[in-house]
Amino acid sequence: MRVLILLCGLMTVAAAARAETAPDLTPMVAKFATDSYSDTADALAALSSSGSPRAAAIVAALADGRLLFDPVTKAVLVRTKAGGLEEAATGAPVASAPADLSPVRANNRVRRAIEAAAGALSLLDADPARRREAAAAVFKSRDAAALATVDAALAQETEPEVKVALAEARAAILIGKADAPEAERVAAVKRLAARGDQEALGLLRTVPADAPAAVTTAATAGIAAIEGNLKFWAVAQNVWYGLSLGSVLLLAAIGLAITFGVMGVINMAHGEMVMLGAYTTFVVQNIIRTSAPALFDWSLAIALPLAFLFTGLVGILIERTVIRFLYGRPLETLLATWGVSLILQQAVRSLFGPTNQEVGAPSWMSGAFQVGQMSITWNRLWIIVFSLLVFFALLLVLKRTSLGLYVRAVTQNRRMAAAMGIRTGRIDALTFGLGSGIAGIAGVALSQIDNVSPNLGQGYIIDSFMVVVFGGVGNLWGTLVGAFTLGIANKLLEPFAGAVLGKILLLVAIILFIQKRPRGLFALKGRAVES
């Protein structure tokens with residue numbers, strides 16, 4: 001019993017202590033009843049730095065249009081979401097509502113003050129994620145009224161990431177605060193320079209010319225450092241885009257590399273195999289949407305083998321019905337496969353229409369994340385990983401299976417392979433089907449980053465031939481190196497020369513390179529190849 005009495009006494013003392021330390025919001029809230037925008041903004045600034053748990057409810061009520069005042073008695077009330085009324089300053093319920101209540105008005109200045117106050121009050125929230133969001137809001141608003149709250153939050157913050165965000169928000173306020181101590185403003189400039197992004201650069205450029213010399217000197221040095229840092233990350237971002245483009249080129253060219261290398265066929269319908277793979281993905285997703293929506297995240301995994309089988313069979317059909325009659329006649333083969341490509345495009349237009357088709361992205365391929373000042377999207381990252389997996393899987397097939405042994409034998413010396421009993425015609429058909437199947441799964445990947453239309457493959461066929469010729473006809477390692485080299489070079493040239501001129505310069509460079517090394521970076525070895 002004594003323990004219970006002691007606990008009750010301690011709770012009473014604690015409650016009394018809290019009541020004594022809790023700020024009185026009545027003078028602040030009274031400004032809302034003057035019906036003046038300036039007084040409303042001042043009241044919001046006072047509430048944001050009060051530290052009272054009641055302040056957040058008042059600010060939220062004003063934002064929602066639920067903060068009311070009586071023009072006669074000047075009482076300020078909050079209409080609850082349930083429809084009742086309570087005193088704004090204390091939260092005490094109001095039994096009878098006054099006859100003429102008017103909402104507290106807001107203009108653009110007041111709305112900005114509401115956002116700043118809401119952000120400042122969230123700095124003391126129990127959730128670290130909300131505190132970090134609030135710090136980011138204060139960083140953007142740079143509201144000097146939030147400085148006291150930021151200092152209080154910074155003093156008690158324990159989460160390292162939130163602490164950094166709070167320090168940056170404080171720095172954003174201080175650099176524009178003319179009455180702040182010079183040493184604090186210099187420290188704020190250095191803090192923003194250490195952040196090193198475009199927003200920090202914009203803030204440092206707002207430092208007035210009449211600021212103290214130490215502040216302007218630190219700002220100038222910070223601007224120079226950030227600009228150098230951003231140039232580095234811009235190059236890194238372009239290299240990333242180049243790797244992403246290179247992975248796309250690798251997927252589009254890898255099937256062409258073995259087809260062109262084994263049979264010497266200039267297959268102008270290879271891009272249409274990519275297009276058919278993308279449309280296979282579209283069909284699979286449509287079936288899943290209507291029949292089993294829960295499987296949507298597995299749609300690409302289901303589409304991959306189906307696209308490989310479908311385009312592989314189409315490739316074998318083309319080889320058996322058209323190409324096998326034209327071996328040794330490259331010009332006729334080029335024209336025939338170009339005609340096949342037009343037929344396939346028109347067939348797709350007739351079935352699906354000429355417009356772009358929607359192919360969705362699974363949840364695990366959506367969104368992006370930051371590495372320094374570089375943005376990396378998940379779909380591009382997964383396509384790079386996927387292209388490398390396809391490359392090494394194909395390499396394993398060619399090095400460790402009987403089909404791969406026959407393909408390499410026919411590639412290096414077709415006549416000797418035929419003399420040893422290898423059915424070169426069958427190998428040609430299977431190789432063409434394999435190359436077409438790989439183009440089909442390339443289409444599955446490309447459906448996530450490009451428009452799925454009948455013209456999808458046309459955008460990659462020329463670049464694919466450039467990759468194959470540059471890397472070395474029939475050499476997979478050459479295709480890998482060629483794809484990523486051309487992709488990175490293309491993206492590094494674009495900022496200086498533009499997209500069109502950059503491609504022209506790259507084409508001229510490849511032509512000059514082929515003049516020096518006609519067989520590309522990695523030439524195949526063999527009597528038939530070298531003769």
Side-chain angles (χ1 to χ4, degrees), residues 247-256 258-259 267-321 337 340-365 379 382-383 385-387 389-391 393-394 397 429-461 464:
S247 67
V248 171
L249 293 178
L250 177 62
L251 283 172
I254 194 170
L256 190 64
I258 59 172
T259 303
N267 178 21
M268 295 301 293
H270 185 78
E272 276 53 56
M273 299 299 107
V274 176
M275 178 262 293
L276 290 178
Y279 272 94
T280 302
T281 310
F282 167 70
V283 171
V284 168
Q285 286 197 351
N286 273 0
I287 293 173
I288 288 177
R289 282 192 181 102
T290 56
S291 303
L295 294 177
F296 186 80
D297 278 349
W298 292 90
S299 60
L300 296 188
I302 296 170
L304 281 172
L306 294 177
F308 179 82
L309 291 173
F310 176 61
T311 54
L313 291 173
V314 172
I316 292 174
L317 180 64
I318 293 172
E319 196 279 336
R320 288 288 87 189
T321 57
T337 54
V340 170
S341 74
L342 295 178
I343 292 171
L344 291 174
Q345 287 181 43
Q346 190 56 47
V348 169
R349 284 192 183 93
S350 300
L351 287 172
F352 300 100
T355 57
N356 296 339
Q357 301 296 336
E358 179 186 358
V359 175
S363 58
W364 49 274
M365 289 187 72
N379 59 352
W382 280 115
I383 287 175
V385 173
F386 177 68
S387 66
L389 289 175
V390 171
F391 172 81
L394 182 59
V397 168
L430 291 176
T431 304
F432 203 92
L434 178 62
S436 299
I438 293 172
I441 61 177
V444 177
L446 290 178
S447 69
Q448 299 299 302
I449 59 173
D450 207 340
N451 295 324
V452 177
S453 71
N455 299 321
L456 172 64
Q458 295 300 303
Y460 297 97
I461 184 66
S464 298

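Starting from 1, each residue takes its place in the sequence as its number.
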Could you grab the distance from atom [atom1] of [X] to atom [atom2] of [Y], nearest 0.5 Å is fine?
X	Y	atom1	atom2	answer
Phe386	Leu250	CZ	CG	10.5 Å
Leu446	Ile441	CG	CD1	11.0 Å
Ile316	Thr311	CD1	OG1	10.0 Å
Leu249	Leu256	CG	CG	12.0 Å
Leu295	Arg289	CG	CZ	13.0 Å

Can you give the donor-acceptor pairs under 3.5 Å from side chains of residues 342-349 to other protein atoms, not counting sequence neighbours?
from, atom 1, to, atom 2, distance (Å)
Gln345, NE2, Glu272, OE2, 3.1
Arg349, NH2, Asn455, OD1, 2.9

Who passes side chain to side chain contact (heavy atoms under 4.5 Å, CB included) against [X], sequence neighbours left out?
X	answer
Ile287	Val283, Ser291
Leu394	Ile254, Ile258, Leu398, Leu434, Ile438, Leu476
Ala253	Ser464, Val467, Val468, Thr479
Ala439	His270, Met273, Val274

Original post:
Do side-chain atoms of Thr337 reach the backbone of Asn267 as a donor and acceptor pair under 3.5 angstrom?
Top reply: no
Subject >> Check: Leu251 main-chain N/O paired with Ser387 side-chain donor or acceptor under 3.5 Å >> reply: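 It does not hold such a pair.
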Taking all non-hydrogen atoms of both residues into account, name the closest pair between [X] and [Y] and its distance.
X	Y	value
Ala269	Ser341	CA-CB, 3.8 Å
Pro362	Ser299	CG-OG, 4.5 Å
Met275	Ser453	CG-O, 3.5 Å

With a 4.5 Å cut-off on side-chain heavy atoms, are [Y] and [X] touching?
X	Y	value
Tyr460	Asp450	yes
Val444	Thr280	no
Phe308	Leu304	no

**OP:** Sorted by first residue and then second, give each ring-ring contact (aromatic ring centres under 6.0 Å, His included) pair with at least one member in residues 280-307; sequence neighbours left out.
**Re:**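 Found Phe282-Phe352.
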Suppose we screen for side chain to side chain donor-acceptor pair (under 3.5 Å). Which residues come up paired with [X], at least two apart in sequence or across chains?
X	answer
Ser247	none
Asp297	Ser363
Tyr279	none

**OP:** Would you mind listing every side chain to side chain donor-acceptor pair (under 3.5 Å) that reaches into residues 351-361, with sequence neighbours excluded?
**Re:**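 Qualifying pairs: none.
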Subject >> Of all pairs that satisfy side chain to side chain donor-acceptor pair (under 3.5 Å), the ones with a partner from residues 439-448, not counting sequence neighbours >> reply: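 Every candidate side chain to side chain donor-acceptor pair (under 3.5 Å) pair involving residues 439-448 fails, so no pair, neighbours aside, qualifies.
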Subject >> Results of ring pair (Phe, Tyr, Trp, His ring centres under 6.0 Å) for Phe391 - residues two or more places apart only >> reply: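 By the ring pair (Phe, Tyr, Trp, His ring centres under 6.0 Å) rule, Phe391 matches Trp477.
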